[in-house]
Structures are given as structure tokens and as C-alpha cells.
Amino acid sequence: MQLKPEEISKVIRSQIKHYENAIRQSETGTVLMVGDGIARASGLTDCMAGELLEFEDGSFGMAQNLEENSVSVVLFGDGEAISEGQTVRRTGKVVSVPVGEGMIGRVVNALGQPIDGNGPIDADGYRPIESRAPGICDRKGVHEPLQTGIKAIDSMIPIGRGQRELIIGDRQTGKTTIASDTILNQKGQDVICIYVAIGQKRSTVAALVDTLRRGGAMDYTIVVAATASEASPLQYIVPYTGCAMGEYFMEKGRHVLIIYDDLSKHAVAYRALSLLIRRPPGREAFPGDVFYLHSRLLERAAKLDDEHGGGSMTALPIIETQAGDISAYIPTNVISITDGQIFLESELFHSGVMPAVNPGISVSRVGGNAQIKAMKKVAGTLKLIYSQYRELQSFAQFGSDLDDDTKARLAQGERIVEVLKQDRSTPIAVEHQVAILYAVTHDVLADVAVPDIGAYEEGLYPFLDADADGAAAMEAIRTTGAMDEEAENRLKEALARYTRQFLDTRGAAQ
């Protein structure tokens with residue numbers, strides 16, 4: 001093929017016309033060593049802490065240790081194509097993830113890339129994974145309830161928007177179930193939910209996504225996952241990724257619920273990372289800044305004041321204990337950072353009390369501020385009655401001759417335990433919770449046999465919605481959040497009618 005002279009001159013003219021006289025400056029370094037998901041590079045003198053660095057093979061890493069002659073980089077990949085002597089380039093920006101409305105309903109990895117097979121995400125922009133928590137003056141006290149739909153929690157350990165409530169317990173005690181049920185209960189509440197899976201099996205994450213999809217919860221949920229098969233650096237950054245996505249909505253005045261499942265595995269991933277980059281180990285081989293690791297994450301959950309949009313981010317971190325030991329290093333750290341804890345007990349779980357919440361150790365430091373007035377009214381004495389029952393129960397097993405008052409307390413306590421039992425994925429509306437708790441605290445259930453309480457409760461909610469008095473009381477609680485004298489009397493009438501009807505049908509059946 002021969003080029004004509006005029007074609008050559010045309011090409012040269014176009015090249016001159018589009019010539020850019022701009023010098024692109026990029027700082028590059030050299031990889032000194034690589035192995036175990038860590039690379040050490042020299043020549044990056046102006047590198048920032050937490051900066052994103054790009055390797056020759058197109059993979060990325062994050063600068064961690066900035067030493068005198070080298071930088072320790074944690075790799076966001078397997079690092080198999082990286083070798084000694086290769087170049088590494090500064091990007092000039094810290095690790096950032098995509099944020100925006102397009103993330104809702106998607107399953108993404110620790111870098112915000114989709115892993116659900118539903119195509120690319122249309123993000124509104126990028127946000128650094130690390131950012132400063134809102135200051136004291138930017139915040140407002142927690143005062144709006146965040147309903148979990150779980151009777152034992154909404155009545156005795158209420159959670160408010162902007163609160164940080166720890167879910168703690170041994171493995172297989174129902175911690176994730178409480179978190180997923182809380183997400184399911186946010187349907188129609190205008191709350192964006194973010195579920196962060198840290199170091200879990202892929203099958204577990206897939207099962208949870210399936211549960212949320214069947215419950216219609218993926219319409220307002222983002223799932224961010226760094227599974228057990230992924231590198232420690234990805235497990236380390238994934239909670240901050242989820243938090244950055246939540247902050248985007250919080251700063252727009254929206255309400256966000258974020259679940260970190262679980263921070264025990266997060267601390268273990270950070271320990272592995274720190275030991276590999278030669279940071280000095282401390283207690284239980286954790287690095288000295290392991291407390292700061294979680295405090296800087298959880299402090300970003302807040303209820304903003306009206307000047308800053310009035311948005312909120314509620315955090316439910318999960319911690320797994322070993323043999324119920326809540327005084328271990330990581331559990332005590334996170335307990336001291338959070339505004340209360342929901343303690344799940346193995347003994348309760350194995351005895352069939354689900355959710356296995358122990359109301360003695362569990363506490364919400366926000367308390368009644370995070371409850372509607374109606375719930376506060378009926379549940380005010382519940383925790384006390386329940387705790388007294390637990391004490392009496394331990395004494396009663398040694399004594400055969402009990403007085404009538406003790407017998408009555410034990411009977412009421414048994415009914416409270418039965419009422420607080422709840423199947424998974426069955427959140428209950430707050431007005432229905434108020435009704436059943438009113439019934440159990442005001443001895444409406446005294447004549448109902450303990451094994452029949454499940455059936456009683458199952459039939460009660462449809463009855464209240466259909467009954468004239470019951471429907472009026474439910475509507476008053478739903479709209480005003482309070483239970484005035486008229487609503488209380490109507491509820492009392494409806495409960496009395498239903499109880500008579502229930503006992504008659506049970507008697508006839510027998």
C-alpha cells in the first residue's frame with residue numbers, strides 16, 4: 001500500500017492540530033518484594049496514607065505503612081502477576097467507592113463493583129471510604145424509634161434512628177436473623193438498609209440475599225460483601241465502604257440502617273494485615289489501634305440536626321463471642337463504643353426461646369426516647385416483671401410450697417416468655433405489639449393456657465383489624481403513637497371479647 005504525498009501532509013497537519021503540549025507527571029516507584037497479599041515499594045516519596053496505588057498488571061493496592069525508604073502496600077487482588085522490580089504508580093487519590101441511588105437493590109464487593117450479574121451500576125459519584133464523623137454540634141439526640149418488628153427488642157431494648165446498638169452472642173444464636181428481620185421490617189418506612197457481610201461464606205450471603213428478595217426488601221437494600229475467600233485487605237475496608245454509601249444518603253436527609261456482620265471477623269482480618277506489614281502486636285496479637293479501628297467506623301453513625309438535613313444512620317454491629325464471654329478483648333471494646341447491646345444466649349436458644357434475647361444483660365442506653373408513647377406505657381414494667389420472673393424461677397425449682405403471689409408471678413412470667421417468642425422473617429407492626437404486650441402485662445391472658453398463647457396471638461391481630469373497637473385503637477396508636485384513655489378502653493374491650501371467644505372455641509374443641 002502506497003501513501004500519496006497529499007495524504008501524508010494531511011495526516012501530519014491533523015497530528016499538529018491535535019497536539020497537546022501538556023506534561024503528564026506521575027510518580028512511580030519500584031516493587032521491592034511481594035508476598036502474602038503485601039507489596040513493599042520504594043520511590044514513592046510523596047505517597048499519602050490510604051492512597052490507591054496502581055501496579056503494572058492493572059491491579060490496585062492501598063498504601064498503609066509509610067516508612068523512610070519504602071511504602072507497605074496491601075493488595076486488592078491475588079497479586080500473582082506482580083513481581084519484584086515492576087513499577088507501581090501513584091493515583092493521587094485515596095480509596096473511594098461509587099455511591100448513589102443506583103446502588104440500591106444491588107450486591108457489590110468491597111470496592112463497590114457489582115457481583116450480582118445484573119450489569120454495571122449507574123453511580124452518582126465517588127466517595128472516600130474514610131471520612132470524619134459528624135461533630136457534636138452537627139448532631140441531634142436520638143428521639144425517633146427504629147422499629148425492628150421484634151417484640152422482645154422493641155419493648156425492652158428499643159433502638160432509635162442514629163443509635164449504635166450491638167448484637168452480641170455465640171455462633172448460631174440468631175444474630176443475623178435479628179438483623180435480617182429488622183431490614184424486612186423497614187418496608188414502607190423510607191429507610192435505606194445496607195448489609196455488610198465480612199468474612200462470611202458465599203452461600204450464607206446468597207441465602208440472605210434470597211431471603212431479602214423474597215420479602216421485597218432488596219428494593220431498599222444494598223448488600224456489600226467481602227467473603228471468607230477474599231483477601232484480608234478487602235475484608236478490612238468493606239465496613240468503611242458500606243458506611244461511605246450510607247453517609248451519602250444520610251447527608252441528603254434520608255434515614256439509613258447499616259448492619260456490620262460481623263466485626264469480630266473484621267478485627268481478625270485487620271490483625272492478619274497488621275502482622276504482615278510488621279506492625280507491632282499487642283494484646284491477643286491485635287495491633288495497638290484495634291480500638292480506633294471500630295470507634296472511627298461506629299462514630300460515623302449519627303442523627304444529624306435539622307440544619308444538616310435531619311438524616312440519620314443507625315448502626316447494628318454484630319460481634320461473635322466464644323462460650324458467652326463478653327469480657328474478651330474485642331467484645332468489651334465494641335460494647336464501650338456502642339449505645340447498648342442485645343445479648344443472645346445459647347441456653348435460651350437451645351431451650352426454644354427465640355429470639356434468644358437475655359433482657360438482664362441487654363440494654364439500650366437511649367431507652368424510652370426511642371419508643372412511641374403507647375409502647376412506653378405498656379412495656380414500662382415488662383423488663384422488671386421479666387427479670388423478677390427469671391429470679392423467682394431459679395428459686396422456685398428448689399421449693400415445693402409456694403405462696404399464691406409467687407405462683408401468680410411465675411404464671412405471668414411464663415406467659416411473657418411465650419408472648420416474646422417469635423418466628424424468623426415475621427416482623428410484627430408496632431400497634432399489634434402494643435396490643436399483645438398490653439394483654440400479657442394486664443393479666444388478660446391469665447386464663448389462656450401457656451401452650452395456646454401462640455395460637456391466641458396468631459388469631460388476635462386479624463381480629464383487632466376487623467373489630468370496630470380494636471381497629472379504632474390500632475388506628476389511634478398507628479397515627480398518633482400514643483394510647484389515650486379512649487383507645488385504651490377500646491383495646492381492653494376488644495381483648496376481652498377476643499379472649500372469651502378464643503376460650504369458648506378452645507373449650508368446644510376439647
Q: Go through Glu247 and Arg132 one step at a time and tell me if the salt bridge (charged side-chain N to carboxylate O under 4.0 Å, His left out) criterion holds.
A: CA-CA 11 Å; Glu247 280 174 329; Arg132 288 179 62 180; over 6 Å; no
(Q) Does Arg106 form a side-chain hydrogen bond (donor to acceptor under 3.5 Å, both in side chains) with Asn118? I'd like the steps, not just the answer. (A) CA-CA 8 Å; Arg106 302 302 300 268; Asn118 292 338; 5.7 Å; no
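His143 and Gly141 get closest at one heavy-atom pair: ND1-O, 3.0 Å. The two residues Val224 and Gly242 have their closest heavy-atom pair at CG2-CA, 4.2 Å. Minimum heavy-atom separation, Met375 to Gln371: CG-NE2, 3.5 Å. The two residues Glu56 and Gln86 have their closest heavy-atom pair at OE2-CA, 3.5 Å. Taking all atoms of both residues into account, the shortest heavy-atom contact from Gly112 to Thr241 is N-CG2, 4.5 Å. Counting all heavy atoms, side chain and backbone alike, Leu437 lies closest to Ser155 at CD1-CB, 3.5 Å.
With hydrogens and angles left out, the side-chain atoms of Tyr248 and Asp124 include a donor and acceptor closer than 3.5 Å. Remark: the Gln322 side chain and the Asp170 side chain contain no N/O donor-acceptor pair separated by less than 3.5 Å. A donor-acceptor pair shorter than 3.5 Å cannot be found between the side chains of Ser312 and Gln163. Looking at Ser232 and Gln235, their side chains never bring a donor and an acceptor atom within 3.5 Å of each other. With hydrogens and angles left out, the side-chain atoms of Thr227 and Arg202 include a donor and acceptor closer than 3.5 Å. Donor-acceptor pairing under 3.5 Å is recorded for the side chains of Thr148 and Asp154.
Tested against Leu344, the residues Lys175, Met354, Gln172 include a single side chain to side chain contact (heavy atoms under 4.5 Å, CB included) partner, Lys175. Here the options are Arg278, Arg279, Arg40, the test is salt bridge (Lys or Arg N to Asp or Glu O under 4.0 Å), and the partner is Glu67; only Arg40 passes.
Remark: Glu251 engages Arg127 in a salt bridge, criterion side-chain N to carboxylate O under 4.0 Å. Ion pairing between Lys303 and Glu144 holds under the 4.0 Å rule for side-chain N and carboxylate O. Salt bridge absent: Arg415 and Glu418 never bring a charged side-chain N and a carboxylate O closer than 4.0 Å. Taking 4.0 Å as the cut-off between side-chain N and carboxylate O, Lys140 and Asp306 count as a salt-bridged pair. No salt bridge links Arg90 with Glu54; every basic N to acidic carboxylate O contact stays at or beyond 4.0 Å. In this structure, Glu130 pairs ionically with Arg296, as a charged nitrogen and a carboxylate oxygen lie closer than 4.0 Å. The existence of a salt bridge linking Lys265 and Asp262 is confirmed by a sub-4.0 Å separation between a basic side-chain nitrogen and an acidic carboxylate oxygen. Salt bridge Glu458/Lys421: absent, no basic N to carboxylate O contact under 4.0 Å.
Under a 3.5 Å cut-off, the side chain of Asn358 and the backbone N or O of Glu345 do not form any donor-acceptor pair. Side-chain atoms of Lys151 come within 3.5 Å of backbone atoms of Val419 as a donor-acceptor pair (strictly under, hydrogens ignored). Remark: the backbone N or O of Glu320 is paired with a side-chain donor or acceptor of Ser264 at under 3.5 angstrom. A donor-acceptor pair under 3.5 Å is formed between the side chain of Tyr220 and the backbone N or O of Ile183. Using modelled atom types, one side-chain atom of Asp339 and one backbone atom of Arg164 make a donor-acceptor pair closer than 3.5 Å. Listed for the Gln64 side chain is no donor-acceptor partner under 3.5 Å among the backbone atoms of Val71.
The number of heavy-atom neighbours closer than 6.0 Å to CG of Asp289, taken from other residues, nucleotides and ligands shown, is above 12. Heavy-atom neighbours of Arg424 CZ from other residues, nucleotides or ligands within 6.0 Å: at or below the threshold of 12. Atom OH of Tyr329 has more than 12 neighbouring heavy atoms from other residues, nucleotides or ligands inside a 6.0 Å radius. The environment of Arg390 atom CZ is dense: over 12 non-hydrogen atoms of other residues, nucleotides or ligands sit within 6.0 angstrom.
Classification of the Tyr236-His266 ring pair by plane angle, with boundaries at 30° and 60°, yields parallel.
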